[in-house]
Amino acid sequence: MIVTVTLNPSLDKTLRVTRLNRGELNRAQVVRMDVGGKGFNVSRALLALGMPSLAIGVMAGGTGQALAHGLTALGIEADLIWVEGETRSNITLLEADNGVYTKINEPGPTLSAEAVQEIMHRVEQRARPGDLWVFCGSLPPGAPADLYACLIQRVQGAGALAALDTSGAPLCAAVTALPFLLKPNVPEAEELMGCALPTLADQVAAVRSLQARGIRLVALTRGQEGALLADGAAVLAVKPPLIASGSPVGAGDAFLAGLVYAWSQGADLADMARWAAACGAAAAAQEGTGVGQRAEVEALFAQTCVEKL
């Protein structure tokens, strides 16, 4: 089973304007609402590929209720932990004239010590040998910086595997727990390495350094330049085909979903890279926090190039 964990989900609102005029009235031409939060996005992308998952999330207030209904409508099985406060709403402003995206993210509800303990307990109850747990996104206020590290230790101690996609202090703390799969982008890898990684050679060295710590599978996303994927035996560079511009929001989550999907199917490293890149590209072609359907992903998979470094 694939289990995604979203500790700080959101209701994602995308507004499209012709151009953002600061200090003036701006009228939205298009408004779109999506279930958001990185782990929920992974579950959505997996479902589009035909793979169900269990989505564990922390919810609060009326926005949390709306998200819960959204997950049900999508057909995603969820195990929700309810806390005090209000689930956040994140806003993306798209300027149609120049293609510029501006994101405004709320902090989310503040977790109590009791809520943190309930999260730990719920995850520990669910952990089973052979499952893959996908821990994604920021931590809400009140959560200790080592919460992901503690959760990774518990699920992997139960015989499951853990994948991680986060940033900042939670990323630095969680790497010490040695997740099975790590998906940083270049700025996050620079934070982990403590130095700039301006060249491909620098980035390859960073991937190998992370694997030397004991992380078995590392995917370093490089924006429009694609990604690096390494399993200890090889480092591959993957670059997706050019796509019609949509929204980059959630594309990294779809990339991770493609990686998880391919791994679960027993794919080799090259096909794992192709599935991941194709899923990311298909999502980036959608409006809002969209995910590509399987037919779109398969078409992009056939056009995706992989090179061994």
Side-chain angles (χ1 to χ4, degrees), residues 1-6 38-55 130-137 152 155-156 160-167 171 174-175 178-186 188-189 203 207 210-211 215-223 225-241 248 250-284 291-294 296-298 300-309:
M1 174 182 281
I2 307 298
V3 184
T4 66
V5 178
T6 311
K38 294 179 74 65
F40 288 169
N41 292 340
V42 171
S43 283
R44 291 171 59 210
L46 285 172
L47 189 62
L49 293 174
M51 171 170 282
S53 63
L54 172 67
D131 289 348
L132 178 61
W133 286 69
V134 185
F135 296 98
C136 294
I152 290 168
V155 300
Q156 294 196 153
L161 296 173
L164 177 69
D165 182 10
T166 189
S167 60
L171 171 62
V175 164
L178 302 180
F180 163 74
L181 190 164
L182 181 67
K183 192 198 80 65
N185 58 27
V186 172
E188 291 159 357
Q203 295 161 15
V207 167
L210 289 168
Q211 290 201 304
I215 300 169
R216 290 165 56 189
L217 190 61
V218 178
L220 177 65
T221 54
R222 309 170 66 225
E225 295 181 354
L228 302 178
L229 183 61
D231 64 356
V235 179
L236 304 181
V238 58
K239 190 165 185 178
D253 307 326
F255 178 99
L256 180 55
L259 196 57
V260 167
Y261 170 80
W263 172 85
S264 72
Q265 302 302 301
D268 62 20
L269 192 67
D271 277 354
M272 288 172 65
R274 291 187 182 95
W275 275 108
C279 283
V291 298
Q293 297 305 305
R294 186 179 180 101
E296 298 170 282
V297 173
E298 288 177 343
L300 290 168
F301 176 94
Q303 304 170 47
T304 299
C305 297
V306 175
E307 177 187 2
K308 186 174 181 179
L309 301 178

side-chain contact (heavy atoms from CB on, under 4.5 Å) between M51 and Q265, worked out: CA-CA 10 Å; M51 171 170 282; Q265 302 302 301; 3.3 Å; yes

For the NZ atom of K38 and the CG atom of L256, what is their distance to the nearest 0.5 Å? 8.0 Å

Using the side-chain contact (heavy atoms from CB on, under 4.5 Å) rule, take V155 and V3 through it: C-alpha gap first, then chi angles, then the decisive distance, then the call. CA-CA 11 Å; V155 300; V3 184; over 6 Å; no

Atom CH2 of W263 and atom CG of L181: how far apart are they, to the nearest 0.5 Å? 9.0 Å

Distance-minimising heavy-atom pair for P184 and A219: CD-O, 3.2 Å

Side-chain contact test, heavy atoms from C-beta onward, threshold under 4.5 Å: evaluate it for F301 versus E296 and give yes or no. no

Please check: side-chain N/O of E188 versus main-chain N/O of N185, any donor-acceptor pairing under 3.5 Å? yes

Check: A234 main-chain N/O paired with D231 side-chain donor or acceptor under 3.5 Å: yes

Would you say L309 and L228 make side-chain contact, with heavy atoms under 4.5 Å? yes

Atom pair CG/CG of D271 and L259 - distance to nearest 0.5 Å: 12.0 Å

Looking only at heavy atoms, what is the nearest atom pair of A45 and A257, with distance? CB-CB, 3.5 Å

Strictly distance-based, threshold 3.5 Å: is any side-chain N or O of Q211 a donor or acceptor partner for the main-chain N or O of G232? yes

Closest non-hydrogen contact found for A282 with L300 is N-CD1, 3.5 Å

Check for a donor-acceptor pair, side chain of Q203 on one end and backbone N or O of R222 on the other, with a separation under 3.5 Å. no

Would you say the side chain of L49 lies within less than 4.5 Å of the side chain of C279, judging by non-hydrogen atoms? yes

Hey, what do you get for CG (L236) to CG (L269), rounding to the nearest 0.5 Å? 4.0 Å

Would you kindly say whether S43 and T4 are connected by a side-chain donor-acceptor distance under 3.5 Å? yes

Has the side chain of T166 got a donor or acceptor atom that lies under 3.5 Å from a matching backbone atom of G137? yes

How about C136 and D253: do any of their side-chain heavy atoms sit closer than 4.5 Å? no

Any chance you could measure I152, atom CD1, to W133, atom CH2, to the nearest 0.5 Å? 12.0 Å

Between N41 and V291, does a side-chain contact (heavy atoms from CB on, under 4.5 Å) hold up when you go through it step by step? CA-CA 8 Å; N41 292 340; V291 298; 5.6 Å; no

Nearest non-hydrogen partners of Q156 and A162, listed with the distance: OE1-N, 3.1 Å

Going by heavy atoms in the side chains, are S53 and L47 under 4.5 Å from each other? no

Checking L229 against L217 for the side-chain contact (heavy atoms from CB on, under 4.5 Å) test, could you report, in this order, the C-alpha distance in whole Å, the side-chain angles of both residues, the deciding distance, and whether it holds? CA-CA 7 Å; L229 183 61; L217 190 61; 3.9 Å; yes

Check side-chain contact (heavy atoms from CB on, under 4.5 Å) between R216 and all other residues, then give those that pass, not counting sequence neighbours. L161, F180

Main-chain N/O of M1 paired with D131 side-chain donor or acceptor, under 3.5 Å: yes

